[in-house]
Amino acid sequence: MSARLNVFEIPTAGKVIKHITSASKVVHDSSLPLTTQHLVTLRASQINGCGFCTDMHSKDAVAGGEDWLRLNLVAAWREATCFTEAERAALELTEAGTRIADGAGGVPDEVWENAAKHYDEDQLAALVFLIGLINAFNRMNVIIQQPAGDYQPGQFA
């Protein structure tokens, strides 16, 4: 299987990826815990059916010290006991923000308020932008059918 477009060889695509990646670096360097960032990017990628991003973010999380058990339970986080209340709030916001078209009125106030109990404004801003950025990457990769499985941790660092 090969991608419909090789975005690494197309000038316009390369420019867009460069800018989105720069925005992602700002979030990565924020005070939002890296563990939370890994969980959020993995969960959004699972929901969106983005194999490439699911592969990448799970491998990067493990390379960063995350436990495979927790990663395997991200899709079932509501029933899993291994996530903190703050991580649960971030995963809940991720799901609401990723499935925004499924809910009338967007992200419910209760979901936002729960996240706001666990994160300061800077972290909330990072979380919101992380959710938006990973959804953008997921959608682009799904549209072009970017294959999954060959990613090496840190490959795009």
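- The hydrophobic cluster containing V142 does not contain M56, counting ILVMFWY residues as joined when their side-chain heavy atoms lie under 4.5 angstrom apart, directly or transitively.
- A donor-acceptor pair under 3.5 Å is absent between the side-chain atoms of N138 and the main chain of G49, judged by distance alone.
- Hydrophobic clustering (side-chain heavy atoms under 4.5 Å, transitive across Ile, Leu, Val, Met, Phe, Trp, Tyr) groups L133 together with L127.
- Put simply, I20 and Y151 are part of two different groups of oily side chains (I, L, V, M, F, W, Y) that touch within less than 4.5 Å, one to the next.
- To the nearest 0.5 Å, the span separating NZ on K15 from OG1 on T12 amounts to 6.0 Å.
- Under the 3.5 Å distance criterion, the side-chain polar atoms of N135 are matched with a main-chain donor or acceptor of I131.
- A donor-acceptor pair is defined here as one N or O able to donate and one able to accept, closer than 3.5 Å; no such pair exists between the side chain of E95 and the backbone of E92.
- The CZ atom of R78 sits 14.0 Å away from the CG atom of L73 when rounded to the nearest 0.5 Å.
- Formation of a donor-acceptor pair under 3.5 Å by the Q123 side chain with backbone atoms of S31 is found in this model.
- Residue Q155 places its CD atom among more than 12 non-hydrogen atoms of other residues, nucleotides or ligands, all under 6.0 Å distant.
- A donor-acceptor pair under 3.5 Å is formed between the side chain of K59 and the backbone N or O of G149.
- Other residues, nucleotides and ligands contribute at most 12 non-hydrogen atoms within 6.0 Å of the CG atom of D150.
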Would you sort out whether L39 and F83 count as a side-chain contact (heavy atoms from CB on, under 4.5 Å), showing the intermediate values?
CA-CA 10 Å; L39 298 175; F83 300 106; 3.9 Å; yes
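- Here the closest non-hydrogen pair linking P108 and A96 is CD-CB, 4.2 Å.
- The shortest heavy-atom contact between G154 and D60 is N-OD1, 3.0 Å.
- Between L5 and I144, the shortest heavy-atom distance links the atoms O-CD1, 3.9 Å.
- Ion pairing between E87 and R70 holds under the 4.0 Å rule for side-chain N and carboxylate O.
- Smallest separation of non-hydrogen atoms from A86 and Y119: O-OH, 2.8 Å.
- For the atom pair L71 CG and L42 CG, the distance stands at 6.0 Å (nearest 0.5 Å).
- Relative ring orientation between F156 and F8 is described as parallel, the plane-to-plane angle staying below 30° on a 0-90° scale split at 30° and 60°.
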Taking it one step at a time, do H28 and L130 satisfy side-chain contact (heavy atoms from CB on, under 4.5 Å)?
CA-CA 9 Å; H28 182 271; L130 179 62; over 6 Å; no
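- Residues W112 and V40 fall within the same hydrophobic cluster, defined by Ile, Leu, Val, Met, Phe, Trp and Tyr side chains chained together at heavy-atom separations under 4.5 Å.
- Atoms CZ and CD1, on R43 and I134 in that order, are 13.0 Å from each other to the nearest 0.5 Å.
- One N or O on the side chain of Q37 and one on the backbone of L32 form a donor-acceptor pair closer than 3.5 Å.
- Hydrophobic clustering of Ile, Leu, Val, Met, Phe, Trp and Tyr side chains at less than 4.5 Å, counting indirect connections, unites L91 with W68.
- Of all non-hydrogen atoms in H57 and S45, the two that sit nearest each other are CD2-OG, 3.9 Å.
- Heavy-atom minimum distance, P147 versus F52: O-CD1, 3.1 Å.
- Here the straight-line distance linking atom CZ of R139 with atom SG of C53 works out to 11.0 Å at 0.5 Å rounding.
- Rounding to the nearest 0.5 angstrom, the gap separating the CZ atom in F129 from the CG atom in L124 is 11.5 Å.
- Checked by atom type and distance alone, the side chain of S30 pairs as donor or acceptor with a backbone atom of V27 at under 3.5 Å.
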Does F137 form a side-chain contact (heavy atoms from CB on, under 4.5 Å) with N48? I'd like the steps, not just the answer.
CA-CA 10 Å; F137 271 122; N48 289 321; over 6 Å; no
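- Two residues are said to be in side-chain contact when any heavy atoms from C-beta on lie closer than 4.5 Å; M140 and V7 fail this criterion.
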